[in-house]
Student: 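Take this structure first; my questions come after.
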Amino acid sequence: MTRAHTTPTLTCPDPAVEAELDTLLARMPLDEKTALVSNQQHTNGALPVIRAADGAAGIRLVPGVATATAATALPAPIALAATWDTSLAAEYGTVLGRELVATGHHVLLGPAVDIARVPLTGRIYESFGEDPYLTAQLVVPEIRALQAEGAQACVKHFLANNQEHARATVDAHVDERTLREIYLPPFEAAVRHAGAAAVMTSYNRLNGTYASEHDWLLDEVLRGQWKFDGWVMSDFLANHSLHASFAAGLDWELTDAPEWGDHLAAAIRAGEIAEQELDLHLRRILRPFLALQQQHPAVPLTEEEVRSHRTTGQEAAARSAVLLRNNGLLPLDAARCTKIAVIGPDATDITAAGAGSPLVSPHHATGHTSLVDALRTLLPGADIRHTPGTAPISAGVLLPGPGAIPPEVLSTPDTDEPGLRAEYWTNDTFTGAPAFARTEHLVEVNRGHFSQPGFHAPSPNWQSWPQNVPARHATRWTGHLTAPCSGTYELSVTHLGTARLFLDDALVIDVSHRDTLPEEREIPEGILWSGAGATVHTATVTLSAGQRLHIRLDYAADLPEQSDHYGAQIRLGWQPPADCTPPRHQEALDLARWADVTVVAARAYETEAFDRPTTRLPQGQDDLIRLLTRHCPDTVVITQSGGPTDSSSWREHVAAHLHAWYGGQDQGQALAELLIGAREPEGRLPLTFPGHPVTPDTYPDACYPGTDGRVRYEEQQAVGYRAQLRAGSHVFGHGLTYTTFTVHDVYADSEAHHPERPLTVTASVTNTGPREGSEVVQLYCRVEHQDSTHCGRLVAWQRVRLRAGQTRQIQLTIDPGGPNHPMWQWNPRRRRWEPTSRPLLIDVGSSAQQIYATLRLAPEHGAGS
Ligand code: BGC
């Protein structure tokens, strides 16, 4: 059942709503007003409590807040972006809006429209990639549809929240032109074209000032230039002031430790702030609440709705997967493939998902389909076998240094089980007897709020944290390592706090925070919310195959700042000899040798509050893929990640590569259908996959992750594909199909460009291959003869579905009023948009790199003056 609401009622004054507001405000005591703007509403106040939920990819349900226990886990927003499908974005918004309301909430803390600036940053999955136009075009229908269901959208994180490292304090230095052309347009579109009810300010500072108290951002741009009359909330604990944020136009602090609250009430009583000022903020918050009649109880979802929401999710998952390589093995020939090996730690579940506050929990409440189950259903005649191939993947893989020693080469002291014996002390000095002990498979721990239950998205068989272990604690792991091969091993300890590694009772690594960290080390406040900091120490040992080494690792999470947000970080890692095949890889290889075709489902781990150390696949998955492809050429790799995954070490050797993002609860079904050709691959990259591994060393420190608390956006507008296109990389817009296309007979409806006149490009598209499929024709616009900071940018696209051999003529229109101001450039000196007086080049292609034709348009006389 859809409630009929229209977006404009949210912010345009409605006399009935204004009258209701007058009555309400007159009835509310000052303390209730200040409690409301500080997220401290009481259930017995004049108003029902305004409830907000995270929900980038489905509604996050918090017991006691939500009135329901299940929500649909949709594919991540980056997957939605990979569909390049504005109607699907609207369906996605409808599901979110309907489920938000049905679960007893009023405000969706999303969508996020943060531009993917650096491939390592933890939350790429939660937004729409690297391009402001693609982001804007998708977020507008999503928000409109969401708000049409009676929900409020709160677009976030405003502004320049483009890394998790030190996210709470980092000062993003960005010039105005770059802000105007890259980072602001998606917000502008959300506010001006979709009428988003609310905006969330980011944690970081922008050019020296916290976003939550940024006059220019909130007052001049958002409310002044964009005429936003909705409300502005801070991110959680991102308000740092009383007067500065209040005066800049922050309306609501999302917090459990108010900066305002009683202090605001006191400031009003002291006459420092007028109560009418507070009423203005309250009106902005309450107007959409009343206009949408959110005070009325929600209608729960029907079973039919639950089913249809799952269908939307499955559809988005299927349409988002991007085929990056195919030597012809895909689609699989069901008659030829009777034995299929599926290898991957998560292939029997749907656990690969973006972690942190957007995680939809519980995933399984409304059912789900794993890749293995779906293949078994679709290919009933085939023998489909699974092995994980690697140890479970968790937030621990985000730590730097060599991967964890796998359980199969470890054994516990007395019982000889795989893994090590772990003893836990509830103090950080190993004082007294351990509180408890258990067998653990791996030593790979990364504890923070982002890895607590409900925020953590580990592989299915990951062993959960022991209960009741305080943030400051000590652990001793003991057991044996049995060398699988002869040769030189590098053993490593990645740690935050004190660590001592003993091999056959000899102390080989001895590091405590006292000797690894300088006395004067200053812990930036922000790191507590984004926990990088562990360091890596190694020891080299030469072992012969079968040799057993006694291991003892003592670890104390004993840094003064270690807390629930910045907890234990410890890994016992290794780098075995180059030609050594660990037992689990051997098992996978044996299965692959048995099979006609092997499908490897590999995954990354990405989360809020932690950037990745590398774009390589974690937990030895790259090594595993290389091993399999050396022996079994018919290997298909599916990768699951939000940001780019590096495939440079195996790309040339796999038969096919499908990039599948985080696809929600029915991704398994979607992928199985794509593999067997029951559906055509349609996804296109919403961000560039560089042709090489990316680590923090790829960047000058000042540009990422920053120096002295500051990160400089020196690349300016050269983000993603706008930077130099590197040979061998998968570039923005790219995606193969099971057929082939040409684009020909391209022309524009004018020989000149004018900044205020739409421009229509006509092109003919022919399906030159053997099957049905769809091409996404893309237009990129650049100014002739300009330097590299003035690269082509996406200005229009259109999908065309064609049968084999079919040709269709299509028309793409560049809208000069579009969200990225396509025919305009920001003049930093005059601080305004200006049309270009030079010729424009319009590239017509199937990616930012694959260009079929370029049109040259002279400026129309007088247009650029
Ligand atoms: C995140 C926001 C989220 C908020 C509330 C913060 O840590 O940055 O995106 O909406 O928490 O859960």
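Every number for a ligand or one of its atoms is a count from 1 in the order of the listing. In what follows, every heavy atom counts, from backbone to side chain, and hydrogens, waters and symmetry copies are set aside.
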Student: More than 12 non-hydrogen atoms from neighbouring residues, nucleotides or ligands closer than 6.0 Å to CG on Asp256, yes or no?
Tutor: yes
Student: If you count the atoms of ligand 1 from 1 in the order shown, which ones are under 4.0 Å from a heavy atom of Met200?
Tutor: 10 (O)
Student: Relative to ligand 1, is Arg123 under 4.0 angstrom through side chain, backbone, both or neither, heavy atoms considered?
Tutor: side chain
Student: Taking the six-membered ring for Trp, is the centroid-to-centroid distance between Trp661 and Tyr125 below 6.0 Å?
Tutor: no
Student: His456 vs Trp462 aromatic rings, parallel, tilted or perpendicular, using cut-offs 30° and 60°?
Tutor: perpendicular
Student: Using heavy atoms and a threshold below 4.0 Å, how should the contact between His157 and ligand 1 be classified: side chain, backbone, both, or neither?
Tutor: side chain
Student: Which of the numbered atoms in ligand 1 are under 4.0 angstrom from any heavy atom belonging to Arg167?
Tutor: 7 (O), 8 (O)
Student: Tell me whether Glu130 is salt-bridged to Arg117, with the criterion being a basic N under 4.0 Å from an acidic carboxylate O.
Tutor: no
Student: Counting only heavy atoms, which portion of Glu164 has something under 4.0 Å from ligand 1: side chain, backbone, both, or neither?
Tutor: neither
Student: Just distances here: any N/O of Lys156 and N/O of ligand 1 closer than 3.5 Å?
Tutor: yes
Student: Considering residues at least two apart in sequence or located in another chain, which fulfil the side-chain contact (heavy atoms from CB on, under 4.5 Å) criterion with Asp701?
Tutor: Thr707
